Amino acid sequence: MELKLYDTYTRSIRTFEPINPPIEGCSATVGMYTCGPTVYDYAHIGNLRTYIFEDILRRVLSINGYEVKHVMNITDVGHLVSDADTGEDKMEKCARRTGKSAWELAEYYTQAFKNDLQLLNILEPVIWCKATDHIEDQIEVIKCIEEKGFTYRTSDGIYFDTSKLPDYGYLARLDVEGLQAGTRIDMGEKRHITDFALWKFSPPDQKRQMEWNSPWGIGFPGWHIECSAMSAKYLGRFFDIHCGGEDHIPIHHPNEIAQTEACYGTRLANFWMHGYFLQAGDEKMSKSAGHFLRLRDLIEKGYDPLAYRFFCFSALYRAKLTFSWEGMESSQKALDRLRLIVYELGDPGEVDEWYKNQFIEYVNDDLNIPRAIALTWEMIKSDLISSAKKATILYFDKVLGLRLNEWKPKEEIIPEEVQKLIELRQKARTEKRWNDADMLRNQISTLGYEIEDTPQGSRVKKKKE
Ligand code: AMP
Ligand code: ZN
């Protein structure tokens, strides 16, 4: 079945074909690069929505028979407070504020991020790469860009001259001339509004915690260069899919493309895919705007992290999604219901081929998860036998990633008195003394417990108040 994905570069849905055909006897390997977090703070649930979308993409590639070589970077240096290459480095600013070293902060927030991914059942990338572990690689790419004549020097760094690249900004369909004409902000020594730093010098009067020697002077790499350098190192100069959030369309990704085109003369990636924002009210959820929630905030309110994953399934990845507590509440309830149903389906049998194919058709239609979820409920209500339902839903869960097979109802602590009545009722049922069994059920009920008879046996739970 064809896998169709929306490619931001061409603004069209295209059939996905891997760049490298499979080697005999093996599945084709797909290279996927996802821009990772800047580790100066916890991720917020908006960031996490993007990683959930990328996880779904990866899982869909897998069920289509591809081996996915997934690379994610960790930005631990060079991301300045403003995307226009001005202001302080986010890491150094946070270090100054907290009194911790930039290295300690990076380590701490990287772990916190990995922990969030784990809680959301997001598969770990095959390769993690930190910007600070790849300074030499970045210097090499900058040298290459310089040799090809795309750079100039200012008093604070080495810049990429975007006017030298005729199709600069194509990904974002940037009107570069219009932008230049309409510029109101002070560009400093930058020649064009869209030019960006490849290497920044450490301020002359200040020793930075993170700084390195380079052919141009002591300093640190610009934010964009790490992705061109590390993606080429681990996936090759032209690879299959590059992803990120929609805010990367106007600046970060055009700059990555420019660097790679200037240095290697290649297009960087065959597909460009972007996850749309999680909104807080009418605005994008963001750290800088100050209104954001972390996964921890949801957990503290009693929500399961996977209920947030489920909440993200309520919209297409290419549509904005507004966060609401009501939405979280109904996602938690729906997930609880689904878990219980799946549990009670008993042992899995054969996967139902019709539902499986239907599911693949939906997820292969540019990751249409809302339709796949609707299909899941339909399948549950269908007249398939339980074992087929169970096997089919566990197949769906390879993509949904809700850990449906791991869930078990919580064991309740049942008072001894009730326990005795349950045993007596069980005995009565085995001996087919149905009246006695019913009487015992009533007695159990007056003690505040109710019995549910399931294919796995009777289950007792405290009655809701
Ligand atoms: P950052 O740590 O700021 O570099 O962002 C990490 C990832 O989250 C990037 O791919 C961003 O595009 C993405 N992102 C940032 N804010 C949001 C949001 N409100 N909704 C969805 N994704 C976001
Ligand atoms: Zn990137």
Side-chain angles (χ1 to χ4, degrees), residues 8 32-57 71-83 89-91 94 105-106 109-110 112-114 116-117 120 122 125 128-131 134 138 141 171-172 196 221-235 239 241-260 268-269 272-295 308 311-312 315-323:
T8 313
M32 171 175 163
Y33 186 93
T34 52
C35 292
T38 306
V39 282
Y40 69 105
D41 201 346
Y42 295 103
H44 59 65
I45 57 172
N47 304 132
L48 295 171
R49 180 186 184 205
T50 293
Y51 300 113
I52 291 171
F53 136 65
E54 293 161 348
D55 184 57
I56 293 290
L57 171 63
V71 177
M72 191 188 288
N73 65 309
I74 300 276
T75 301
D76 53 358
V77 67
H79 197 167
L80 302 189
V81 171
S82 149
D83 279 349
D89 182 320
K90 291 187 180 187
M91 299 293 307
C94 182
L105 288 175
Y109 288 117
T110 301
F113 176 68
K114 290 186 178 177
D116 282 351
L117 296 194
L120 289 165
I122 293 174
W128 287 107
C129 43
K130 286 200 278 183
H134 295 78
Q138 297 179 69
V141 183
L171 177 79
F196 57 91
W223 169 36
H224 318 288
I225 195 72
E226 65 181 87
C227 291
S228 288
M230 299 193 290
S231 64
K233 176 165 182 161
Y234 295 110
L235 297 173
F239 58 88
I241 309 179
H242 195 312
C243 311
E246 62 168 313
D247 54 338
H248 287 164
I249 300 173
I251 299 178
H252 181 52
H253 286 167
N255 293 353
E256 283 188 33
I257 292 173
Q259 293 164 154
T260 297
L268 214 174
W272 286 87
M273 295 184 67
H274 295 94
Y276 277 65
F277 282 152
L278 181 77
Q279 306 267 114
D282 292 337
E283 281 179 68
K284 160 196 175 188
M285 183 170 283
S286 78
K287 285 173 207 164
S288 45
H291 36 234
F292 64 90
L293 291 163
R294 299 173 185 146
L295 197 55
Y308 177 64
F311 172 78
C312 292
L316 293 169
Y317 79 90
R318 269 197 305 126
K320 294 197 196 294
L321 171 64
T322 302
F323 179 81

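Keep in mind that this is a model prediction, so the values were computed, not measured. Only this structure's heavy atoms are used, side chains among them; waters, hydrogens and symmetry mates stay out. Whatever order the structure lists them in is the order used to number ligands and atoms, beginning at 1.
Listed by number with element, the atoms of ligand 1 under 4.0 angstrom from any heavy atom of P37 are 2 (O). Within the listing of ligand 1, atoms 2 (O), 4 (O) sit less than 4.0 angstrom from a heavy atom of T38. Each of the following atoms of ligand 1 lies closer than 4.0 Å to a heavy atom of K284: 16 (N), 19 (N).
The CD1 atom of I56 sits 9.0 Å away from the CD1 atom of I122 when rounded to the nearest 0.5 Å. Between R49 atom CZ and F311 atom CZ the span is 8.5 Å, to the nearest 0.5 Å. Rounding to the nearest 0.5 Å gives a distance of 8.0 Å between CD of E54 and SG of C35. Interatomic distance, T322 OG1 to E283 CD, rounded to the nearest 0.5 Å: 11.5 Å.
Between M32 and T34, the shortest heavy-atom distance links the atoms CE-CG2, 3.9 Å. The nearest pair of heavy atoms linking Y33 to L235 is CB-CD1, 3.8 Å. What you find for L293 and M285 is that their closest heavy atoms are N-SD, 3.7 Å.
In this structure, F196 and H224 have perpendicular ring planes: the angle between them is above 60°, well past the 30° mark.
Nearest to atom 10 (O) of ligand 1 among the protein's heavy atoms is G245 N, 3.1 Å. At the top of the distance list for atom 7 (C) of ligand 1, counting protein heavy atoms only, stands Y51 OH, 3.4 Å. Of all protein heavy atoms, the one lying nearest to atom 19 (N) of ligand 1 is M285 O, 2.8 Å. Nearest non-hydrogen protein atom to atom 21 (C) of ligand 1 is G46 O, 2.8 Å. With respect to atom 9 (C) of ligand 1, the closest heavy atom belonging to the protein is H248 CE1, 3.6 Å. Considering only non-hydrogen protein atoms, atom 18 (C) of ligand 1 sits nearest to F277 CD2, 3.3 Å. In terms of protein heavy-atom proximity, atom 8 (O) of ligand 1 is nearest to N47 ND2, 3.1 Å.
Of the candidates D247, I249, D41, the one placing a heavy atom closest to atom 11 (C) of ligand 1 is D247. Which of T34, I74, I45, T50 comes nearest to atom 13 (C) of ligand 1 through a heavy atom is settled by distance: it is T50. Nearest-residue assignment for atom 20 (N) of ligand 1 (options L278, L321, L48; heavy-atom criterion): L278.
With sequence neighbours excluded, no residue forms a side-chain hydrogen bond (donor to acceptor under 3.5 Å, both in side chains) with H248.
Neither the backbone nor the side chain of Q279 has any atom closer than 4.0 Å to an atom of ligand 1 (non-hydrogen atoms only).
Taking 4.5 Å as the limit, every side-chain heavy atom of I45 sits out of range of all side-chain heavy atoms of F292.
Of the listed residues (E246, H253, H242), just one forms a side-chain hydrogen bond (donor to acceptor under 3.5 Å, both in side chains) with H274, and that residue is H253.
Atoms of the protein (N, O or S only) found under 2.8 Å from the Zn ion (ligand 2) are C35 SG, C227 SG, H252 NE2, E256 OE2.
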Please test L171 against W272 for side chain to side chain contact (heavy atoms under 4.5 Å, CB included), starting from the C-alpha separation and ending with a verdict.
CA-CA 9 Å; L171 177 79; W272 286 87; 3.9 Å; yes
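Distances shorter than 4.0 angstrom occur between a heavy atom of H44 and an atom of ligand 1.
Counted within 6.0 Å of NZ on K287, heavy atoms from surrounding residues, nucleotides or ligands total more than 12; the atom is thus considered enclosed.
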